[in-house]
There are 2 protein chains.
Amino acid sequence: MNKSLKRMATMQRLQNTGLELFYAQGYYDTSIDDILKKLDLSKGAFYYHFESKEDFFIQIIENLLARKIYSTLIEPIEGHDNPLTLITKCFDDALETAVHNEMDYGCVLSNFLAEFNGKNDVVMRHLNEIVTVWEVNLVTALQKGKFNGYLDRHVDCEAASTFIMSSYFGVRVLMTSAAPSSKKYRFMSQIRQYFKSIEAKPVNF
Amino acid sequence: MNKSLKRMATMQRLQNTGLELFYAQGYYDTSIDDILKKLDLSKGAFYYHFESKEDFFIQIIENLLARKIYSTLIEPIEGHDNPLTLITKCFDDALETAVHNEMDYGCVLSNFLAEFNGKNDVVMRHLNEIVTVWEVNLVTALQKGKFNGYLDRHVDCEAASTFIMSSYFGVRVLMTSAAPSSKKYRFMSQIRQYFKSIEAKPVNF
DNA sequence: GGTAAATCCGACCATTTGGTCTTTTTATAT
DNA sequence: ATATAAAAAGACCAAATGGTCGGATTTACC
């Protein structure tokens with residue numbers, strides 16, 4: 001195999017399995033040996049490619065988490081349509097993968113935020129950056145929606161974004177416990193309700 | 001000191017400090033020695049009172065977390081007033097303590113839910129029980145509110161509860177990162193907006 | 001085929017962890 | 001005061017963890 005290809009392959013195998021296990025068991029409860037065992041690799045291989053466990057994790061955040069968040073939660077809400085419709089569709093899709101016990105990266109993000117909060121500033125900075133990017137894009141989308149007449153003129157777009165993000169992070173916590181499918185259904189029905197309350201009101205004659 | 005009093009005192013000191021550190025650093029990243037060092041106690045003292053770290057933690061959940069959740073998030077919404085008003089006030093109070101960097105037990109709960117999800121079934125059962133109690137009480141409060149004419153007849157109380165809990169858990173995740181005060185303000189403004197959309201509509205003449 | 005660099009192996013290390021066990025201290029009852 | 005049981009001390013242990021290091025393989029290139 002091509003050398004740089006091999007390097008990439010090993011690094012990516014490590015990162016993919018790393019994210020998988022970190023998500024399933026938590027960062028502090030996942031040892032490097034756990035990851036290596038699953039891949040039939042050795043300590044030497046790991047420390048040849050990564051400086052430390054923390055460096056490894058940060059690269060996972062940058063290379064996997066950030067991109068996935070972008071493609072599942074940010075990119076889908078870009079465009080000139082009604083942002084409320086786009087966000088609804090986007091959440092519906094993301095939660096559907098969550099119902100089927102797959103990795104929902106929104107959940108991955110909020111789990112890590114909870115796990116590292118107050119424990120590791122360096123990691124927190126990287127995680128918060130993703131949150132900020134999401135937030136900025138949400139605000140932009142809502143403002144554009146307001147400009148295009150989809151949202152009520154009085155809507156505070158920053159506040160709406162905070163609320164939308166909150167509810168999404170939160171429902172992922174709830175879905176982990178029981179009856180994720182019904183939780184999803186209930187959540188979606190009420191976020192629609194909320195969206196209805198901030199959409200542009202028909203003009204009175 | 002009286003003996004049974006002394007026993008209680010030591011156990012409670014351990015549990016209080018335990019919760020404090022578990023919340024600050026996470027369960028898996030907090031060693032028993034950490035707790036003992038902070039209290040100038042020894043391993044012997046700890047294992048005289050508790051069977052294991054897990055047993056210790058479960059007792060913390062039952063003795064501290066559950067009760068605190070009850071007094072801060074459940075009790076305040078009981079009564080015959082408009083439940084939407086009560087919940088608003090309740091969240092406002094809880095988030096205010098959170099802004100001042102104190103322990104907000106709603107956050108403690110959601111952090112632990114995230115940390116133990118998929119890792120420790122026994123602990124998860126205890127945590128989920130608290131969530132269920134909260135949920136049941138929320139649903140009851142909303143249904144009573146509907147019966148008393150505070151909520152619109154068409155509101156799905158289960159769904160509304162799920163949504164309300166979601167948003168609360170979620171905003172706590174967001175508040176950890178930056179500008180908690182402004183996050184709180186934005187969150188409160190939008191949950192009021194949502195509540196307005198499910199309150200009883202004035203009758204048309 | 002030989003060579004040098006890239007990649008990987010795995011024994012090893014220091015430290016930390018949850019937990020055990022024997023011993024000592026402390027409080028209570030007689 | 002002394003016997004007794006509760007409470008606490010702290011040395012100790014086995015397992016696990018993140019990380020190191022010298023050497024063995026692979027790979028690319030001549």
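All values derive from a computational prediction rather than experimental measurement. Reminder, nothing fancy here: chain letters follow the sequence lines and each chain counts from 1.
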Undergrad: Is there a donor-acceptor contact under 3.5 Å linking the side chains of A:D34 and A:S31?
TA: yes
Undergrad: Under 3.5 Å, side chain of B:D92 to main-chain N/O of B:T88, donor-acceptor pair present?
TA: no
Undergrad: Between B:K89 and B:D93, is there a side-chain N and carboxylate O pair less than 4.0 Å apart?
TA: yes
Undergrad: Please tell me whether A:Y168 and A:F91 form a close aromatic pair, meaning their ring centres lie under 6.0 Å apart.
TA: yes
Undergrad: Find out whether the Lys NZ or Arg CZ of B:K144 is both under 6.0 angstrom from the six-membered ring centre of B:Y150 and within 45° of the ring's axis.
TA: no
Undergrad: Are B:K146 and B:E158 ion-paired here, with the side-chain N under 4.0 Å from a carboxylate O?
TA: no
Undergrad: Is there a residue in residues 48-62 of chain B whose heavy atoms reach under 4.0 Å of DNA chain D, and which residues are they?
TA: B:Y48, B:H49
Undergrad: Nearest whole angstrom, please: distance from the P of D:dA11 to the CZ of B:F46.
TA: 19 Å
Undergrad: Taking A:T17 for its side chain and A:L14 for its backbone only, find out whether a donor-acceptor pair lies under 3.5 Å.
TA: no
Undergrad: Got a list of protein N/O to nucleotides 21-25 of chain C N/O distances below 3.5 Å?
TA:
none

Undergrad: For D:dA9, take OP1 and OP2 only and decide whether either is under 4.0 Å from a side-chain N or O of B:S42.
TA: yes
Undergrad: Is the ring centre of B:Y27 less than 6.0 Å from the ring centre of B:F112?
TA: no
Undergrad: Could you check whether the rings of B:F57 and B:F22 sit parallel, tilted or perpendicular, using 30° and 60° as the cut-offs?
TA: perpendicular
Undergrad: How far apart are the C-alpha atoms of B:D29 and A:K119, what are their side-chain angles, what is the distance that settles it, and do they pass the salt bridge (Lys or Arg N to Asp or Glu O under 4.0 Å) test?
TA: CA-CA 9 Å; B:D29 204 33; A:K119 286 154 224 165; over 6 Å; no
Undergrad: Scan residues 111-126 of chain B against DNA chain D and write down, sorted by residue number, each residue with any heavy atom closer than 4.0 Å; if none is found, say none.
TA: none
Undergrad: Counting only heavy atoms and a strict 4.0 angstrom limit, can you tell me which residues of residues 25-37 of chain A come near DNA chain D?
TA: A:T30, A:S31, A:I32
Undergrad: Just N and O in the side chain of B:T10: are any of them under 4.0 Å from OP1 or OP2 of D:dA7?
TA: no
Undergrad: A:F187: what forms a ring pair (Phe, Tyr, Trp, His ring centres under 6.0 Å) with it, not counting sequence neighbours?
TA: B:F163
Undergrad: Protein-nucleotides 13-15 of chain C N/O pairs closer than 3.5 Å?
TA:
none

Undergrad: B:F56 and B:F46: aromatic ring centres closer than 6.0 Å?
TA: yes
Undergrad: One thing to verify: whether A:E62 and A:R67 come together as a salt bridge, which I'm taking to mean a side-chain N less than 4.0 angstrom from a carboxylate O.
TA: no
Undergrad: When you measure from the side-chain N and O atoms of B:R7 to the phosphate of D:dA7, is any distance below 4.0 Å, counting only OP1 and OP2?
TA: yes
